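A quick write-up on the structure given underneath.
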There are 2 protein chains.
Amino acid sequence: MPGTLTWQWIAAEARRRIAARLWPPGARIPDEADLAAEFGCARATVNRALRELAAAGLLVRRRKAGSFVAAHPVRKATFEIPVIRQDVEARGLRHGYRLIVAETLPAPAAVQARLGLAPHAPLLHLLALHLADGLPFCIEDRWLNPAIPGVAGADFATVSANEWLVQNRPFSGGGIAFSAQAADPQLAGLLGCTPGAALFVVERETWAGAEPITAVRLTYAPGYSVAATI
Amino acid sequence: MPGTLTWQWIAAEARRRIAARLWPPGARIPDEADLAAEFGCARATVNRALRELAAAGLLVRRRKAGSFVAAHPVRKATFEIPVIRQDVEARGLRHGYRLIVAETLPAPAAVQARLGLAPHAPLLHLLALHLADGLPFCIEDRWLNPAIPGVAGADFATVSANEWLVQNRPFSGGGIAFSAQAADPQLAGLLGCTPGAALFVVERETWAGAEPITAVRLTYAPGYSVAATI
DNA sequence: ACGGGTATTATGTGCAGACATAATAACGTC
DNA sequence: GACGTTATTATGTCTGCACATAATACCCGT
């Protein structure tokens, strides 16, 4: 079998065996050495292939125990999180931005909890509107740790905090959540939609190591959707 | 520097240099051989580390050209897509399931387009309600390719198509999209919520190779959200 | 100057061997 | 039989080497 020696071929073959139930869910598959012998390649090559399948959620691998076909193949979808400006421009629209509120005050308890901050710690609160071809696209409601270097000097009236952070403050981790929310009168006013309209909401928190950076709530105008390939 | 020789350490060090702007956005970083010399390890180890950073979106790598720090670090979030039953049970609730409609008829044009099917091709249409502790949790509105082996014999009144497919029909790829939608009277009736409530909607299509398997629209009861770590 | 073929180069991947690590299985003791 | 210790084993990773591949940079002829 020519071409057998690439890890991609081996990964594909393993997928095929899983799909064909040659290796049924929950079953233990042959160990790397056996597969290497079968395919006539080095163990490292098999390792690389199986590692990919494990990352894809098709295999569960445990030292000493062996490699097992995932009983419930938990599928994973990867979304790219673009800067809002890029998101707008990728749709072929012109991006606009308007700062509405910038103030420093203690964050609401919910925000403090999301960021793991002490109560009453004052944060920079920004409320801004992103536009697409002049129409409301998204409301950015952000709480920002004022201890971040450069925040004091940044002009969030001209550059959105969204963009400023990407350029100036790399983060190491965080969380993201998607949900749906009905437009209250304030949101409806800002987004130019009818009160009660179903809006898509993204909530995100980011940290640099242990230091909280920001918590943001993005509320999109009606019709927004986010897509990915599985 | 002890412990320098692991690919995780090198990956972490590279992240640090990117975060510290030692390697600024857009810049070309030293090539693998140079880094291997600097860290005193094999090139393969550096390769492994940089490959991870590229997968995470922090680096862009091009043969002959070199490795570059991503100008706009497109962050990626990975969501796990659970079977609905598991989703319910993970919340500590009891899962219930009720089939509402099962019929074979030509799919609407929108569904045909999503699956890339010929017009008028008859599909199996299933409408079902998932319950959490007896309360409506999610509506599963699914179109299923009747050519899939075993579909004819499956009893979707007792096992949800969602679950049946996971167990019986591995898929190779597909798409997923999240959006928000207001509850129309029918949805409101099924989900036991007020008409106009904001609902979270997941639309998914899956294929096995070139063969379409299913297109499904999951409409969740108010309050549902999906979370992930970045 | 221009276009096209060619040399160069950084990444991509393979191999064989070795040791590290974690988790299980086997064992011996009480 | 229950429990702690040790041996075994499959995966995880590193090394050093080799060649493949793609994309750029260079050179040359017109």
Side-chain angles (χ1 to χ4, degrees), chain A residues 1-18 22-71 73-74, chain B residues 1-18 22-71 73-74:
Chain A
M1 26 187 167
T4 302
L5 354 130
T6 76
W7 69 264
Q8 333 218 11
W9 188 93
I10 295 174
E13 172 64 13
R15 292 187 115 102
R16 195 188 64 74
R17 292 188 184 180
I18 293 170
L22 272 171
W23 293 345
R28 175 171 173 199
I29 72 171
D31 65 48
E32 294 183 350
D34 289 350
L35 289 173
E38 179 193 340
F39 295 131
C41 67
R43 186 171 76 87
T45 309
V46 174
N47 181 283
R48 172 81 188 266
L50 298 189
R51 186 156 27 92
E52 296 285 328
L53 294 209
L58 269 84
L59 289 180
V60 177
R61 316 194 74 200
R62 274 163 32 226
R63 279 178 157 153
K64 157 80 182 177
S67 299
F68 301 82
V69 180
V74 179
Chain B
M1 27 188 162
T4 303
L5 353 132
T6 77
W7 70 264
Q8 281 108 332
W9 188 93
I10 295 175
E13 172 64 13
R15 293 186 114 103
R16 196 188 64 74
R17 293 186 184 182
I18 292 169
L22 272 170
W23 293 344
R28 177 173 171 197
I29 73 171
D31 65 48
E32 294 184 352
D34 290 349
L35 289 173
E38 179 193 339
F39 295 130
C41 67
R43 187 172 75 88
T45 309
V46 175
N47 181 282
R48 173 79 189 269
L50 298 189
R51 186 155 27 92
E52 295 286 327
L53 295 208
L58 269 87
L59 289 180
V60 177
R61 316 194 76 200
R62 273 160 36 223
R63 279 177 157 154
K64 155 81 180 175
S67 299
F68 301 82
V69 179
V74 179

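Here is the naming used below: chain letters follow the sequence lines, and residue numbers restart at 1 for every chain. A quick note: this is a predicted structure, and the numbers were derived from the prediction, not measured. As a basis for the values below, the full set of heavy atoms in this structure was taken, side chains included, without hydrogen atoms, waters or symmetry mates.
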Query raised in the report: Given A:F68 and A:R62, is the side-chain contact (heavy atoms from CB on, under 4.5 Å) satisfied, shown in steps?
Result: CA-CA 8 Å; A:F68 301 82; A:R62 274 163 32 226; 4.0 Å; yes

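Here the C1' atom of nucleotide D:dT11 and the CZ atom of A:R51 are 11 Å apart, to the nearest Å. Distance, B:I10 CD1 to D:dT15 C1': 12 Å, rounded to whole Å. Taking atom CH2 on B:W9 and atom P on D:dT13, their separation rounds to 17 Å, with Å as the unit. A:E32 places its CD atom 5 Å from the P atom of D:dT11, with the value rounded to the nearest Å. Atom CZ in B:R61 sits about 14 Å away from atom P in D:dA23, given to the nearest Å.
Contact annotation: B:R62 side-chain N/O to D:dT24 OP1/OP2 distance is under 4.0 Å.
Salt-bridge formation is detected for the pair B:R61/B:E32: a Lys NZ or Arg NE/NH1/NH2 atom is positioned less than 4.0 Å from an Asp or Glu carboxylate oxygen.
Here the closest heavy-atom approach between residue B:A14 and residue B:L53 is recorded as CB-CD1, 3.5 Å. Pairing each heavy atom of A:C41 with each of A:V46, the nearest pair is SG-CG2, 3.7 Å.
Of the two residues contacting DNA chain D, namely B:Q8 and B:R43, the nearest-nucleotide position lying further toward the 5' end is that of B:Q8. Mapped onto DNA chain C by nearest heavy atom, B:A44 and B:P30 fall at different nucleotides, with B:P30 at the one closer to the 5' end. Map A:T45 and B:R63 each onto its nearest nucleotide of DNA chain C; the residue landing nearer the 5' end is B:R63.
Inter-residue side-chain proximity for A:T45 and A:I10 is flagged as met; some heavy-atom pair is nearer than 4.5 Å. Inter-residue side-chain proximity for A:E38 and A:D34 is flagged as unmet; no heavy-atom pair is nearer than 4.5 Å. Two residues are said to be in side-chain contact when any heavy atoms from C-beta on lie closer than 4.5 Å; A:I29 and A:I18 fail this criterion. Residues B:V69 and B:P24 have side chains not in contact (no heavy-atom distance under 4.5 Å, counting atoms from C-beta outward).
Protein chain B touches strand DNA chain C; the 5'-most and 3'-most nucleotides with an atom under 4.0 angstrom of its non-hydrogen atoms are C:dT8 to C:dT13.
Side-chain atoms of A:R28 come within 3.5 Å of backbone N or O of A:A65 as a donor-acceptor pair.
In the helix from C:dA1-D:dT30 to C:dC30-D:dG1, the end axes, each obtained as the rotation axis mapping the C1' atoms of four pairs onto the next four within a five-pair block, lie 10° apart to the nearest 10 degrees.
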